Amino acid sequence: MLSVKWLRENVEVMKESLAKRKTEADLDSFLRWDGERRRCTREVDELKYLQNKKSKQISQFKKESKDAVDLINGMQHLAAKIKKLEKRKKELDNKVTDFLLNFPNRLHPDVPWGENVEVRRWGKIPDFNFPVKDHQEIGEHLGILDFKAAAKITGSGFVLCKGLGARLERALINFMLDMHIKKGYEEVLPPFMTNTSSTMGTAQLPKFKDELYKLDKDDYYLVPTAEVPVTNIHREEILKEDKLPVYYTAYTPCFRREAGAYGKKIQGMIRVHQFNKVELVKFTTPETSYDELEKLLQDAEEVLQKLGLAYRVVKLCGEELGFAASFGYDIEVWLPSQKKWLEISTCSNFESYQSRRASIKYREKLTGKTRYVHTLNGSGLAVGRCVVAILENFQDEKGNVRIPEALAPHLGGVEIIERG
RNA sequence: GGAGAGGUGACUGAGUGGUCGAAAGUGCACGAUUGGAAAUCGUGUGGGGGGUUAAAAGCUCUCCCGAGGGUUCGAAUCCCUCCCUCUCCGCCA
């Protein structure tokens, strides 16, 4: 979230941010609550000062075995008054906090208005001299994707990977993780459920609770992305500046209710309630976070390069950018069946939005002061969608699929998936 | 699931109703000492929110001893609820 102080003093700046996002917020109410809150705080503080002073006198009297009855008289009245005011103060505190928790991050000035802006393309969009099939058709034909079985086991919006389909997912996960560790990311395998505080820390709560699977008997949520558990590794910590930047990579399944997507046609495994993803997470100083974002983006891109899949990078416009992000890119892979680009990674800089929520700071060596770190993350990459892209881009006329060379060592040397 | 123990500052750890935001030690930072270092000595060393300020620094008030309530003129200390950690038993991959 944003700092109250900053928001109070930068309402006009924020209005532009909101307009870019095409959202609205009741900033007037916020300012009113905040003003009243401060008046109330001041009053409470003054009364407490009085109370503390008298308490000390009482204590002194008792020590000297003097009668303190006169002093104690009237204190009850004061205590009651304070209690009443504190209740009001708490209400106002809550209003301000709730507002901030539901208020999006400020945008970096470079975030475009209107539509996403293409930054670059890589690779050659494949030409097919035969009618292309979509991944669902190919997957079912090859017997490696089974949507019917998944629907029976669980329900719609799930997929069962079989045989080489399952092995392909597993190979991709290992392939990606191995690449990232070489770049200095520390691999972590976090819990796949998070508590309320953690889920609040990365801003999935309170605003997006409908997107999450919540456990009934425990106060836990299934992770919608590894971002949640991994960023919270350092919740309520003060890191040493020497330690920064910190890089993590993690594989987790991701669970999403996709509550808003029911009306849309769900295409095969492009949008499912459970998918695998390898995530990249960084903690940096404010000074380096934008350089680190570029590097993170490159690390994610490199996965597609090694796989030989054509993609483009777009700078996200205000409307498309996530609630907690200041700035970000999407990587989109080419999807032959739709002749469209498909989002396969989002790389974002959250600046201090998450770190303030989760209280993740570092001690600045020069001044000895604490500052909020900047948090960044990006998919590196969404594994299921990678499978989709591989099936479609590397299909042949017979419906067989060539496996990218780079993946071979992780797939026991398999070069092609054929109908078995 | 049952029984017990415990949660205090970056860390270890004292503190059971009044001047305790909290002893002591460790660590860390700065300074002295040294050719340099170690050792030693000295000084300093948490966070949130207000006020003062154009702003910062500084000064000042207030809150924070797992979280939330309560008792009291006054709570780290007493009471209640919840959460977490550890040990033993049970169950179990």
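Reckoned from all heavy atoms, side chains included, excluding hydrogens, waters and symmetry mates. What you see is a predicted model; the values in this text were computed from it and never measured. Below, read A as the first sequence line, B as the second, and so on, with proteins coming before strands; counting in each chain starts at 1.
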Whole-Å [atom1] distance, [N] and [M]:
N     : M     : atom1 : answer
B:G74 : B:C20 : C1'   : 13 Å
B:A57 : B:G51 : C1'   : 16 Å
B:A39 : B:G49 : P     : 38 Å
B:A22 : B:U62 : P     : 13 Å
B:U8  : B:C86 : P     : 14 Å
B:C11 : B:G46 : C1'   : 13 Å
B:C41 : B:U34 : C1'   : 13 Å
B:A76 : B:C64 : P     : 6 Å

Let me know the distance between [atom1] of [X] and [atom2] of [N], rounded to the nearest Å.
X      : N     : atom1 : atom2 : value
A:L47  : B:G74 : CG    : C1'   : 16 Å
A:E9   : B:A54 : CD    : P     : 13 Å
A:R357 : B:G48 : CZ    : C1'   : 17 Å

For [X], which contact category applies under a 4.0 Å heavy-atom criterion: base, sugar-phosphate, or nothing?
X      : result
A:K53  : nothing
A:Y220 : sugar-phosphate
A:R8   : sugar-phosphate

Could you walk me through whether A:H135 and A:L145 satisfy the side-chain contact (heavy atoms from CB on, under 4.5 Å) test, starting with their C-alpha distance in whole Å, then the side-chain angles of each, then the deciding distance to 0.1 Å, before giving a yes or no?
CA-CA 9 Å; A:H135 74 278; A:L145 299 180; 4.3 Å; yes
Just to verify, what does [X] make a ring-ring contact (aromatic ring centres under 6.0 Å, His included) with, not counting sequence neighbours?
X      : answer
A:F30  : A:F99
A:F283 : A:H234
A:Y329 : A:F327

Among all residues two or more places apart in sequence or in another chain, which pass the salt bridge (Lys or Arg N to Asp or Glu O under 4.0 Å) test with A:K89?
A:D93
Could you identify the nucleotide paired to [N], looking across every strand shown and requiring Watson-Crick or G-U wobble geometry with both distances under 3.5 Å?
N     : answer
B:G44 : B:C28
B:G21 : none
B:U87 : B:A3
B:C59 : B:G51
B:U33 : none
B:A67 : B:U81

Which of the following nucleotides, B:U62, B:G51, B:C73, is nearest to the side chain of A:Y49?
B:U62
Does any pair with a residue in residues 187-207 of chain A pass ring-ring contact (aromatic ring centres under 6.0 Å, His included), and if so which ones, sequence neighbours excluded?
none
Residue pairs passing the ring-ring contact (aromatic ring centres under 6.0 Å, His included) test where at least one lies in residues 140-174 of chain A, sequence neighbours excluded
A:F158-A:H273
Would you list the protein and nucleotides 63-68 of chain B atom pairs, both N or O, that sit under 3.5 Å from each other?
none

Worked check of side chain to side chain donor-acceptor pair (under 3.5 Å) between A:Y290 and A:E351
CA-CA 9 Å; A:Y290 278 95; A:E351 297 192 359; 2.6 Å; yes
Side-chain donor/acceptor pairs under 3.5 Å, residues 314-321 of chain A, sequence neighbours excluded:
from: A:E319; atom 1: OE1; to: A:K22; atom 2: NZ; distance (Å): 3.2

Check: A:T375/A:S355 side-chain N/O donor and acceptor closer than 3.5 Å:
no
Enumerate donor-acceptor pairs with a distance under 3.5 Å from any side-chain N or O in residues 159-178 of chain A to protein atoms, sequence neighbours excluded.
from: A:K162; atom 1: NZ; to: A:D146; atom 2: OD2; distance (Å): 3.4
from: A:E169; atom 1: OE1; to: A:N276; atom 2: ND2; distance (Å): 2.7
from: A:D178; atom 1: OD2; to: A:H410; atom 2: NE2; distance (Å): 3.0

A:R37 side-chain N/O to B:G50 phosphate OP1/OP2 under 4.0 Å:
yes
A:R38 vs B:G51: side-chain N/O to OP1/OP2 distance below 4.0 Å:
yes
Are more than 12 heavy atoms, taken from residues, nucleotides or ligands other than A:K183, located less than 6.0 Å from that residue's NZ atom?
yes
Every protein N/O within reach of nucleotides 43-47 of chain B N/O, cut-off under 3.5 Å:
from: B:G47; atom 1: OP1; to: A:T370; atom 2: OG1; distance (Å): 3.4
from: B:G47; atom 1: O3'; to: A:K361; atom 2: NZ; distance (Å): 3.0

Return each pair, listed once, that meets side-chain hydrogen bond (donor to acceptor under 3.5 Å, both in side chains) where at least one residue sits in residues 94-116 of chain A; pairs must be two or more places apart or across chains.
A:N105-A:S326
Using a strict heavy-atom distance below 4.0 Å, which residues from residues 200-208 of chain A are in contact with RNA chain B?
none
